[in-house]
Amino acid sequence: WADDSYVELFGSWNSWKSGTRMYWDGTRHRTSMQLRKGQSYTYKFVVDGNWCHDMECPSIDDGSNGKNNVIYVRNRDNEVTMVHVSDTHMLHEQLCEKFPLPPGDVLVLTGDFCSWLGNPWEYDKVNKWLGSLPYPMKVVVLGNHDMTHPHGRENYDSWIARYWEDPDFVAIAQEWLPNALVLDSR
């Protein structure tokens, strides 16, 4: 919905009695509320006076020739959902448009998110993408295409060898990816 739309969220948590106003945060409409863990809820949006559901989220028939979205609020005390993505080679945005990532608690991005030699602009783009995702925790394990080094890349073989020897490499990658925790895979 457009950033200037008036959006309210209605649902079964209060028997559909009143809506909760959603506010534009610069990227999407958001709101926050406390829901009971271990419960399923149905919900729908009112956007500029028109009822609608989110076509990208799970939905069920609302009994009136329409759809309601459905959400299950897990008991996070004993459940953790990890989502794993690898070898995106700078196609992460296109892949996620075609195959939306499922909800989860932890996103793990392993190996080869860069197209070839870990250019700083690739790290910047991946970091912005990671920052836009709703996962509370994001973990990155670097692959051989993600290896970059501030001392240059004049010879790929010697450059790769430096990666394995340089104790600062992961610290550099972590500095370039502040929206994730970078693990050392050596």
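The model shown is predicted, which means the values in this text are computed figures rather than measured ones.
- Listed for the E122 side chain is no donor-acceptor partner under 3.5 Å among the backbone atoms of M90.
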### Message
Is there a side-chain contact (heavy atoms from CB on, under 4.5 Å) between L95 and V85? Walk through the geometry before answering.
### Response
CA-CA 10 Å; L95 289 169; V85 180; 5.8 Å; no
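- For the pair Y41 (side chain) and R36 (backbone), a donor-acceptor distance under 3.5 Å is present.
- Linking Ile, Leu, Val, Met, Phe, Trp and Tyr residues whenever their side-chain heavy atoms come within less than 4.5 Å leaves M55 and L9 in two separate clusters.
- How far CG of N69 is from NZ of K44: 8.5 Å, rounded to the nearest 0.5 Å.
- Taking a 6.0 Å sphere around CD of Q34, one finds it holds 12 or fewer heavy atoms contributed by other residues, nucleotides or ligands.
- If you take CZ on R30 and CG on D25, they are separated by 4.5 Å, rounding to the nearest 0.5 Å.
- Here the CZ atom belonging to F113 is positioned 5.5 Å from the CG atom belonging to L142, to the nearest 0.5 angstrom.
- Here the closest non-hydrogen pair linking P178 and E175 is CD-O, 3.5 Å.
- S5 pairs by the side-chain contact (heavy atoms from CB on, under 4.5 Å) definition with W1, A2, V7, H29, V47, D48, not counting sequence neighbours.
- Hydrophobic clustering, with ILVMFWY side chains joined whenever heavy atoms are under 4.5 angstrom apart, keeps F10 apart from W13.
- Counting heavy atoms from C-beta outward, V126 and L109 have side chains that approach closer than 4.5 Å.
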### Task
Go through the steps to decide whether W16 and T42 satisfy the test side-chain contact (heavy atoms from CB on, under 4.5 Å), and finish with yes or no.
CA-CA 9 Å; W16 300 84; T42 55; 3.3 Å; yes
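- Residues forming a side-chain contact (heavy atoms from CB on, under 4.5 Å) with D87 (at least two apart in sequence, or on another chain): H89, D112.
- When atom types are taken as modelled, the side chain of K67 and the backbone of H53 share no donor-acceptor pair closer than 3.5 angstrom.
- Atom CG of N68 is separated from atom CG of D54 by 12.5 Å, given to the nearest 0.5 angstrom.
- Of the possible polar contacts, none joining the T110 side chain to the V141 backbone as a donor-acceptor pair under 3.5 Å is found.
- At distances below 3.5 Å, at least one donor-acceptor pair connects side-chain atoms of Q174 with backbone N or O atoms of L177.
- M33 has its side chain within reach of T20: a pair of non-hydrogen atoms, C-beta onward, lies under 4.5 Å apart.
- Remark: W129 CH2 to K138 NZ distance equals 9.5 Å, nearest 0.5 Å.
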